[in-house]
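For reference, the structure is listed below as structure tokens.
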Amino acid sequence: MKPLHFGGSGFEYFKIWIVNILLIIITLGVYYPWAKVRNQRYFYANTTLEGRNFEYHATGKQLLMGYIIAMVFLIVVSIVQNISPIGALGAFLSLSIIIPWVVWRSLAFSMRMSSFSNVRFSFVGDLKGAYINFMLLPGLLLLCIYGGPSLVLLWLITLPTSIGMEEGLLILTFALVLIVLILYLFAFLKNKNTCYMVNGYRFGQGQFSTLLETQEFAKILLKTLGLAVLILMSIAIFTVFLMVLAGGGF
């Protein structure tokens with residue numbers, strides 16, 4: 001199979017992007033569905049396979065109702081969260097239940113609105129898989145992110161005021177194991193999400209299939225984190241340099 005080719009340019013997309021941003025601001029967000037359609041059609045039209053491009057058939061009007069419903073729901077959730085802590089918990093649980101269904105429906109709609117050589121794509125992933133991939137697995141990841149440090153904090157409270165070498169090494173070891181576990185779970189989550197989506201895609205009678213490795217996602221994640229740390233360190237060093245320079249240190 002020949003590789004895909006993208007023939008768009010950064011300047012062309014910038015013109016579309018800046019116009020979309022301005023219209024979204026002017027219309028107080030109402031233009032967002034049409035902006036999304038313009039973006040999708042640009043990328044589809046410039047992505048070719050053997051000289052033929054993809055097509056995106058959705059319209060801003062089709063996306064508008066779903067966008068309005070989502071905005072109203074988010075506004076209601078925000079109001080409820082500010083009124084009551086119990087309401088905030090209920091809003092969080094509601095989002096956890098609704099989001100997998102929204103993702104599932106969005107994937108089906110997006111694929112149905114996409115075509116190549118007049119043949120439509122489709123998505124046949126089941127709703128059960130959506131709840132596993134977008135509610136259960138993220139829930140386990142959040143449990144590790146918040147539960148692990150909470151256990152460490154509770155343990156530190158029970159320790160004497162002075163912490164010895166042995167306790168310090170134990171805390172450090174636990175922290176490192178927790179960080180590695182969280183990174184692995186995040187990579188595992190991305191792997192499962194990607195496999196769920198790709199394996200659910202169809203092109204006419206054709207079936208997509210992929211088998212990915214979690215360790216590859218982990219490598220990408222570690223490189224991203226390393227780059228982020230490097231950038232933050234560079235910004236910090238540059239800021240200190242400017243402060244010293246402004247203070248007449250040189």
Side-chain angles (χ1 to χ4, degrees), residues 1-75 95-135 138 189-210 212:
M1 182 177 178
K2 294 185 178 180
L4 296 172
H5 174 72
F6 182 73
S9 69
F11 181 68
E12 287 179 348
Y13 179 66
F14 175 77
K15 291 189 292 184
I16 295 174
W17 177 79
I18 195 66
V19 170
N20 283 343
I21 292 296
L22 291 174
L23 289 175
I24 289 173
I25 294 174
I26 292 172
T27 61
L28 301 178
V30 176
Y31 185 75
Y32 176 80
W34 285 269
K36 184 175 181 179
V37 167
R38 288 191 67 195
N39 282 341
Q40 292 290 81
R41 288 184 176 176
Y42 173 77
F43 286 113
Y44 275 53
N46 286 281
T47 303
T48 59
L49 177 63
E50 297 182 344
R52 293 170 292 173
N53 66 281
F54 293 77
E55 293 182 89
Y56 186 68
H57 303 278
T59 64
K61 186 177 180 181
Q62 288 177 301
L63 301 179
L64 180 60
M65 184 54 65
Y67 175 70
I68 292 175
I69 293 173
M71 290 298 100
V72 171
F73 181 77
L74 289 177
I75 292 172
L95 284 174
S96 300
I97 294 172
I98 292 174
I99 285 177
W101 182 85
V102 171
V103 172
W104 177 65
R105 293 290 297 175
S106 298
L107 288 170
F109 176 81
S110 179
M111 288 297 99
R112 192 167 63 250
M113 293 295 109
S114 306
S115 70
F116 178 73
S117 293
N118 295 320
V119 178
R120 295 284 182 124
F121 290 84
S122 62
F123 179 75
V124 298
D126 59 3
L127 184 57
K128 177 183 176 182
Y131 275 97
I132 292 174
N133 283 276
F134 301 104
M135 186 177 76
L189 174 63
K190 296 298 295 182
N191 184 6
K192 289 298 182 181
N193 288 174
T194 303
C195 287
Y196 168 75
M197 291 186 290
V198 175
N199 291 335
Y201 294 154
R202 299 291 184 271
F203 177 64
Q205 300 298 318
Q207 178 179 345
F208 287 77
S209 179
T210 185
L212 304 172

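Note: hydrogens, waters and symmetry copies are ignored here, and every other heavy atom, side chains too, is used.
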R52 versus F116, closest heavy-atom pair with distance:
O-CE1, 3.1 Å
So which heavy atom on P138 is nearest to which on I132, and how close?
CD-O, 4.3 Å
Can you tell me how far CD1 of I69 sits from CG of L74, rounded to the nearest 0.5 angstrom?
12.0 Å
In this structure, CG of N133 is separated from NZ of K190 (nearest 0.5 Å) by 11.0 Å
Residue list, side chain to side chain contact (heavy atoms under 4.5 Å, CB included) with F43, at least two apart or on another chain:
F6, Y13
Determine yes or no for a side-chain-to-main-chain donor-acceptor pair under 3.5 angstrom, with Y131 supplying the side chain and I97 the backbone.
yes
Determine the minimum heavy-atom distance between L95 and P100, stating which atoms define it.
O-CD, 4.4 Å
Heavy atoms only: give me the nearest H57-Q62 pair and the separation to one decimal.
O-OE1, 4.0 Å
What pairs of donor and acceptor atoms, side-chain ones from residues 30-40 against any protein atom, are under 3.5 angstrom apart with sequence neighbours left out?
residue	atom	partner	partner atom	Å
R38	NH1	N20	OD1	3.3
N39	OD1	N20	ND2	3.3

Hey, what's the ring geometry for F54 with Y44, parallel, tilted or perpendicular (30° and 60° as the breaks)?
perpendicular
Measure the shortest side-chain to side-chain distance between M111 and L107 over non-hydrogen atoms and say whether it is less than 4.5 angstrom.
no
Between the side chain of S114 and the main-chain N/O of S110, is any donor-acceptor distance below 3.5 Å?
yes
Shortest non-hydrogen pair, R120 vs R112, comes out as NH1-O, 2.7 Å
Nearest 0.5 Å, what's the CZ-CZ distance between F123 and R105?
11.5 Å
Is the ring pair F134/Y196 parallel, tilted or perpendicular, if the boundaries are 30 and 60 degrees?
perpendicular
What heavy-atom pair brings G29 and Y67 nearest, and what distance separates the two atoms?
O-OH, 2.9 Å
How long is the gap from CD1 on I18 to CG on L23, to the nearest 0.5 Å?
10.5 Å
Is there a side-chain contact between Y42 and W17 (heavy atoms, below 4.5 Å)?
no
Roughly how far, to the nearest 0.5 Å, is OH of Y201 from OG of S122?
11.0 Å
Treating W101 as the side-chain partner and L127 as the backbone partner, does any N or O pair qualify as donor plus acceptor under 3.5 Å?
no
T47 OG1 to N53 CG distance, which is reported to the nearest 0.5 Å:
8.5 Å
Could you go step by step and tell me if N199 and T210 meet the side chain to side chain contact (heavy atoms under 4.5 Å, CB included) rule?
CA-CA 6 Å; N199 291 335; T210 185; 3.5 Å; yes
